[in-house]
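What follows is a single structure, written as structure tokens, with notes after it.
Just so it is clear, the structure is predicted and the values come from calculations on it, not from any experiment.
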Amino acid sequence: DEEAIFARERSAALAAGEPQGFDAYGFTISFKGVVLEGLEVVFLVLTFGANEHRLPLAATAAAAAVALVVVVGIAVRGPLAQVPENTMKFTVGVLITTFGTFWGAEGAGAHWPGGDAAILPLAAVVLLSALGLVGLLRRPAAVAA
């Protein structure tokens, strides 16, 4: 129950006392997480570019991606704040698993039927598998209640 968890965490934070003005600790933790994920993407893009001997193009693409993510992040901040946290985590997990499986298999020398277009049916398989597992894991809790 995300709302109950949020209410409990919020109460604990309020009991600890709200920071006056700028919350340096919260900002630092959030900033580190975002920078870490951003650097991961930049390293991936640069690695792919270096493997294709197109490092300048990859560096330009990485810089453009950073700028685009900043602009889009600012633009969709409000609507994204309305998405439940677990839904967001689930979606990101499906995407990471899909791309990780796709690229891991390619790195091991596999060739996907349809090339890059195989990502879409692979994503569907990962999504349906994850939804099935969530349903299976929720069932005992529902029976116990």
Point to revise | Single-linkage hydrophobic cluster, 4.5 Å side-chain cutoff, Val76 and Leu95 together | key: no
Practice item. Could you pull out the closest heavy-atom pair between Thr97 and Thr101, with the gap in Å? Key: O-OG1, 2.7 Å
Practice item. Any chance you could measure Arg77, atom CZ, to Gln82, atom CD, to the nearest 0.5 Å? Key: 10.5 Å
Revision key, fill the gap. In short, Pro113 meets Ala118 closest at the heavy-atom pair O-CB, 3.5 Å
Revision key, fill the gap. In this structure, CG of Asn86 is separated from OG1 of Thr91 (nearest 0.5 Å) by 10.5 Å
Check your understanding: Taking only residues two or more places apart in sequence, or in another chain, which ones meet Thr98 in a side chain to side chain contact (heavy atoms under 4.5 Å, CB included)?
Key -> Val94, Ile119, Leu122, Ala123, Val126
Point to revise | Non-hydrogen atoms of Gly115 and Phe102 that approach each other most closely | key: O-CE1, 3.7 Å
Point to revise | Whether Ser11 side chain and Ala7 backbone form a donor-acceptor pair below 3.5 Å | key: yes
Practice item. Not counting sequence neighbours, list each pair that qualifies as a salt bridge (charged side-chain N to carboxylate O under 4.0 Å, His left out) and has a residue in residues 86-105. Key: Glu85-Lys89
Review point. Could you walk me through whether Glu106 and Asp116 pass the side-chain contact (heavy atoms from CB on, under 4.5 Å) check?
Key: CA-CA 10 Å; Glu106 278 195 339; Asp116 291 346; 4.2 Å; yes
**Study point:** Hydrophobic cluster of Ile5, others only, ordered by chain and residue number, side-chain cut-off 4.5 Å
**Key:** none
**Study point:** Within-4.5 Å side-chain heavy-atom neighbours: Leu44 and Phe99
**Key:** no
Review item, side-chain donor-acceptor pairs of residues 50-66, under 3.5 Å, at least two apart:
{"residue": "Asn51", "atom": "ND2", "partner": "Thr47", "partner atom": "O", "Å": "3.4"}
{"residue": "Thr60", "atom": "OG1", "partner": "Pro56", "partner atom": "O", "Å": "2.9"}

Point to revise | Phe31 reachable from Leu39 in the ILVMFWY side-chain graph, under 4.5 Å edges | key: yes
Review point. Which residues satisfy the ring-ring contact (aromatic ring centres under 6.0 Å, His included) test with Phe48, sequence neighbours excluded?
Key: Trp103
Revision key, fill the gap. Besides Val69, the hydrophobic cluster formed by Ile, Leu, Val, Met, Phe, Trp and Tyr side chains linked at under 4.5 Å, directly or via other members, contains none
Practice item. May I ask whether Val83 and Val72 are part of the same hydrophobic cluster, defined by side-chain heavy atoms of I, L, V, M, F, W, Y residues being less than 4.5 angstrom apart, directly or through others? Key: yes
